[in-house]
Amino acid sequence: MIKLTNVSKSFQTKKGTIPAIDDVSLEVQPGEIFGVIGYSGAGKSTLIRCVNLLESPTTGSVIINGRDVTNVSAEELLKVRRKIGMIFQGFNLLKTATVYDNIAIPLKLTDVDKKEIDKRVQKYLQIVGLEDKHDAYPGQLSGGQKQRVAIARALAQEPEILLSDEATSALDPETTESILELLLKINEELGITIMLITHEMNVIQKICDRVAVMEKGKIIEQGKTVDIYARP
Ligand code: ADP
Ligand code: ADP
């Protein structure tokens, strides 16, 4: 589903070249929940940005669903990106838009018709358990509820892959637990492949089938979660 082969990405700065990721190879199978764990600065964000095609690798290849996206046209890129949803630590909701509009606006931009938009907003708000919050503004919601809206927004594009960038890092332990359960449900019931990055071991232990451990831009260990971490 996602295959990175010998991917490196470095940034040129005034202080010189920073190798953010260095010769990383990994493969995420369809239907799997794959986690990348590491401390701040390990290269996790850069890695996930390469998968989301927001960043292009300096060397190496990225294959999404059998298609090499390392050097594709902008038009192709848009098509592939539509198959990928993403959620973030800071939720990235529009403060001045209702829950409905937060989910609907990206759909309008991709030419989904009004009837279909209504249907999808309804469907995905129900899946995340917020069907009564159509007209609320983000400021009226808790952190967990905001993340649920962000998840509904990502799902409404009907992606094959959901990427999560520290999606539970701003949440308390109880809320984290409920969001992780939601991600499991999405994976199991909708069959969506999930790749997430985190610095929290409990996130990996709770929902990831496999894990890659990153340090200083490299994967230092990779395998089944049960083989790498004992269950708590
Ligand atoms: P993580 O997500 O694990 O915290 P990052 O991928 O954000 O790690 O960063 C890895 C390294 O690459 C860090 O040293 C960071 O400062 C550097 N880096 C990331 N993005 C950029 C950028 N756009 N320009 C320069 N350096 C960057
Ligand atoms: P995270 O908490 O996800 O690791 P960061 O604070 O490392 O996020 O990075 C936030 C954004 O800033 C990212 O887009 C990253 O690419 C960019 N960035 C990170 N480090 C640097 C840096 N040293 N110089 C320029 N941009 C950077």
Side-chain angles (χ1 to χ4, degrees), residues 1-28 32-64 69-72 74 77-78 80-81 84-93 143 146-147 150-151 154 159 161-173 175-176 179-180 183 193-225 228-229:
M1 198 85 191
I2 303 170
K3 187 175 181 190
L4 272 60
T5 309
N6 305 116
V7 171
S8 296
K9 174 75 185 178
S10 47
F11 295 101
Q12 308 299 331
T13 69
K14 282 177 202 156
K15 289 181 201 156
T17 303
I18 300 176
I21 50 178
D22 183 8
D23 198 22
V24 163
S25 297
L26 61 83
E27 202 167 336
V28 180
E32 170 167 74
I33 304 184
F34 190 97
V36 177
I37 188 168
Y39 296 116
S40 182
K44 307 181 298 294
S45 303
T46 305
L47 180 72
I48 209 157
R49 288 167 64 83
C50 285
V51 174
N52 201 21
L53 316 175
L54 292 169
E55 209 71 90
S56 65
T58 310
T59 59
S61 74
V62 178
I63 295 175
I64 307 284
V69 292
T70 322
N71 293 303
V72 294
L77 210 69
L78 274 180
V80 179
R81 205 178 275 156
I84 306 175
M86 187 146 174
I87 55 175
F88 308 88
Q89 176 170 4
F91 322 123
N92 295 9
L93 299 176
K146 283 181 203 159
Q147 194 57 286
I151 291 170
I161 297 168
L162 180 66
L163 302 179
S164 167
D165 181 350
E166 301 276 8
T168 57
S169 297
L171 305 173
D172 62 61
T175 311
T176 292
I179 295 294
L180 293 178
L183 292 178
T193 305
I194 299 179
M195 179 173 178
L196 63 85
I197 61 174
T198 183
H199 63 279
E200 296 172 314
M201 198 164 75
N202 66 315
V203 170
I204 301 286
Q205 287 172 317
K206 197 149 179 78
I207 66 168
C208 293
D209 303 305
R210 287 193 306 129
V211 57
V213 184
M214 276 192 92
E215 214 176 279
K216 295 180 185 154
K218 287 185 182 293
I219 291 179
I220 56 166
E221 208 174 353
Q222 182 168 192
K224 284 187 187 163
T225 305
I228 294 185
Y229 296 113

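Sequence positions, counted from 1, serve as the residue numbers for this chain. We count ligands from 1, going down the list as the structure has it; atoms in each ligand are counted the same way.
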Which atoms from ligand 1 have a heavy atom of Tyr39 less than 4.0 Å away?
3 (O)
Among Gly41, Pro19, Ser40, which one has a heavy atom closest to atom 10 (C) of ligand 1?
Gly41
Among Gly38, Cys50, Ser45, the residue with a heavy atom nearest to atom 2 (O) of ligand 1 is Ser45
Return the set of residues passing side chain to side chain contact (heavy atoms under 4.5 Å, CB included) with Lys224 (not counting sequence neighbours), or none when no residue passes.
Arg210, Val226, Asp227
Just how far is it from atom NE2 of His199 to atom OG of Ser40, taken to the nearest 0.5 Å?
8.5 Å
Give yes or no for whether the N/O distance cutoff of 3.5 Å, strictly under, is met between Thr13 and ligand 1.
no
Would you say the side-chain atoms of Lys44 pair up with the backbone N or O of Gly38, donor to acceptor, closer than 3.5 Å?
yes
Considering residues at least two apart in sequence or located in another chain, which fulfil the salt bridge (Lys or Arg N to Asp or Glu O under 4.0 Å) criterion with Lys218?
Asp22
Can you sort out which atoms of ligand 1 are near Lys44, meaning under 4.0 Å from one of its heavy atoms?
1 (P), 2 (O), 3 (O), 4 (O), 6 (O), 8 (O)
Hey, is ligand 1 close enough to Ile18 that some N/O pair sits below 3.5 Å?
no
Could you say whether the N/O atoms of Gly43 and ligand 1 ever approach to under 3.5 Å?
yes
Gap between atom CG of Asn52 and atom CG of Asp165 - 0.5 Å precision
10.0 Å
Ligand-side contact atoms (ligand 1) for residue partner Ala42, heavy atom cut-off under 4.0 Å:
1 (P), 3 (O), 8 (O)
So, applying side-chain contact (heavy atoms from CB on, under 4.5 Å) with Cys208, which one of Thr225, Ile37, Ile228 is it?
Thr225
